[in-house]
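Input: a single structure, listed below in structure tokens.
We're numbering straight along the sequence, starting at 1.
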Amino acid sequence: MYVIAVFGNFTILFIVKVEPSLHGPMYYFLCMLAVTDLVLSTSTLPKMLSIFWFNSREIHFSACLTQMYFILISSVLESGILIAMALDRYVAICHPLRHSTTLTNAMVAKIGLAVLLRGIIVILPFPILARLWPYCRTNVIPQPYCAHIAMVSLACADTRVSSYYGLFVLFFVMGLDGIFIAVSYTQILRVIFILPTKDAWDKTLGTSFYIPSLIMSLMHRFAQNVPLHFHVLIGNVYLLMPPMLNPIIYGVRTKQIRDRLLRLFTHTGA
């Protein structure tokens with residue numbers, strides 16, 4: 001899964017770089033998603049493999065905090081990139097004449113920087129608070145990665161500040177992101193039913209694959225009252241599947257990327 005994730009996401013980045021026709025907002029946002037998936041998988045999977053292959057079940061506290069930070073920031077970054085993708089599809093389908101003048105390269109860069117800064121600022125308190133708590137209980141966590149809830153639950157102190165802040169991020173950051181994405185797709189579908197052209201349907205079908213990552217994120221966050229082994233399973237799937245599946249899904253669904261990839265292999269074979 002790690003090899004597929006790394007190869008697939010680097011392939012997306014390479015194809016977009018070498019193909020001038022793909023130098024547009026949707027593909028730039030897709031590259032941002034690919035980089036986020038690479039960060040998420042690289043910050044978790046090597047340690048998972050060392051656990052299962054070499055029984056290396058220990059991690060330094062600082063390294064655990066660092067891994068936790070990258071896991072959390074990847075989730076917020078992906079949520080922000082999904083918003084950017086929804087905005088791009090909304091303008092492309094609902095206001096096609098304004099697309100080229102609204103989503104310029106400069107605007108795409110500003111959106112990407114805003115998403116990154118928001119993620120850094122929003123997630124930074126999590127490791128800071130986790131480092132402040134005293135830990136006098138067991139140092140064993142059930143997941144093969146440093147989940148925030150699992151770490152904080154080991155602290156022998158009142159950790160309500162961490163819990164309240166986690167709820168704030170969930171409802172006022174991820175929740176608002178979900179509402180914005182839902183509103184965008186509602187407007188897109190409204191236009192699709194009014195002007196059911198094949199090109200518009202193709203664009204909407206392409207955006208339909210942005211939604212599973214959001215669903216998995218919300219499912220992971222709300223599934224707190226389930227058996228521990230099932231929660232660990234959901235957490236592992238949440239971390240492992242999107243980085244592997246996203247490049248496959250986008251490579252199959254996006255005609256321009258698929259055609260460029262076929263030409264690349266055809267040229268190599270010749």
Checklist line | Min side-chain heavy-atom separation Leu240-Met48 under 4.5 Å | finding: yes
Item checked: Any Val39 side-chain heavy atom under 4.5 Å of Leu77 side chain -> no
Margin query: For Phe7, I'd like to know if atom CZ has over 12 heavy atoms of other residues, nucleotides or ligands within 6.0 Å.
Written below: no
Margin query: Using a 6.0 Å cut-off, check whether atom CZ of Phe172 has over 12 heavy atoms from anything other than its own residue.
Written below: no
For the residue pair [X] and [Y], what are the closest heavy atoms and their distance?
| X | Y | result |
| --- | --- | --- |
| Trp133 | Ala157 | CE3-CB, 4.3 Å |
| Ser79 | Ile181 | O-CD1, 4.4 Å |
| Ser41 | Pro243 | CB-CB, 4.0 Å |
| Asp158 | Arg160 | OD2-NH2, 2.8 Å |

Check: Do Leu40 and Phe70 pass the side chain to side chain contact (heavy atoms under 4.5 Å, CB included) test, and can you show the C-alpha distance, the side-chain angles, and the key distance before you say yes or no?
Finding: CA-CA 7 Å; Leu40 176 60; Phe70 279 114; over 6 Å; no
From [X] atom [atom1] to [Y] atom [atom2], the distance as rounded to the nearest 0.5 Å:
| X | Y | atom1 | atom2 | answer |
| --- | --- | --- | --- | --- |
| Thr186 | Ile179 | OG1 | CD1 | 11.5 Å |
| Gln67 | Met151 | CD | CE | 9.5 Å |
| Ile111 | Ile81 | CD1 | CD1 | 11.5 Å |
| Ile71 | Met68 | CD1 | CE | 9.0 Å |
| Asp37 | Leu239 | CG | CG | 11.0 Å |
| Cys146 | Tyr69 | SG | OH | 16.0 Å |

Check: [X]/[Y] side-chain N/O donor and acceptor closer than 3.5 Å:
| X | Y | answer |
| --- | --- | --- |
| Ser62 | Arg131 | yes |
| Thr42 | Tyr2 | yes |
| Asn105 | His23 | no |

Kindly work out whether a path of hydrophobic side-chain contacts (I/L/V/M/F/W/Y, heavy atoms less than 4.5 Å apart) joins [X] to [Y].
| X | Y | answer |
| --- | --- | --- |
| Phe168 | Phe180 | yes |
| Leu103 | Val183 | no |
| Ile83 | Leu176 | no |
| Leu87 | Ile93 | yes |
| Ile59 | Leu65 | no |

Between [X] (side chain only) and [Y] (backbone N and O only), is there a donor and an acceptor less than 3.5 Å apart?
| X | Y | value |
| --- | --- | --- |
| Asn9 | Ala5 | yes |
| Lys47 | Cys64 | no |
| Thr104 | Met107 | yes |

Item checked: Criterion side chain to side chain contact (heavy atoms under 4.5 Å, CB included) on Tyr90 and His99, from CA distance to verdict -> CA-CA 9 Å; Tyr90 169 76; His99 185 261; over 6 Å; no
Would you give me the side-chain donor-acceptor pairs under 3.5 Å for residues 116-129, sequence neighbours excluded?
| unit_1 | atom_1 | unit_2 | atom_2 | d |
| --- | --- | --- | --- | --- |
| Arg118 | NH1 | Asp177 | OD1 | 3.1 |
| Arg118 | NH1 | Asp177 | OD2 | 3.2 |
| Arg118 | NH2 | Val76 | O | 3.4 |
| Arg118 | NH2 | Asp177 | OD2 | 2.9 |

Check: Less than 4.0 Å between a side-chain N and a carboxylate O, is that true for Arg263 and Glu19?
Finding: yes
Checklist line | side chain to side chain contact (heavy atoms under 4.5 Å, CB included) evaluation trace for Asn246 with Glu78 | finding: CA-CA 11 Å; Asn246 281 342; Glu78 184 166 347; 4.1 Å; yes
Check: Taking ILVMFWY side chains as joined if any heavy atoms are under 4.5 angstrom apart, and letting links pass through other members, which residues group with Tyr164?
Finding: none
Note to self: Just to verify, what does Val18 make a side-chain contact (heavy atoms from CB on, under 4.5 Å) with, not counting sequence neighbours?
What the structure shows: Phe14, Arg260
Side-chain atoms of residues 25-33: list all donor-acceptor pairs with protein atoms under 3.5 Å, sequence neighbours left out, distances to 0.1 Å.
| unit_1 | atom_1 | unit_2 | atom_2 | d |
| --- | --- | --- | --- | --- |
| Tyr27 | OH | Gln256 | OE1 | 3.1 |

Notebook entry, point to check: Does anything in residues 59-77 pair up under salt bridge (Lys or Arg N to Asp or Glu O under 4.0 Å), and if so which pairs, sequence neighbours excluded?
Noted result: none
Next item on the list: Can you tell me which residue pairs pass the salt bridge (Lys or Arg N to Asp or Glu O under 4.0 Å) test with a partner in residues 237-248, sequence neighbours excluded?
Entry: none
Check: Between Ser162 and His148, is a side chain to side chain contact (heavy atoms under 4.5 Å, CB included) present by the stated rule, with each step listed?
Finding: CA-CA 9 Å; Ser162 291; His148 172 256; 4.2 Å; yes
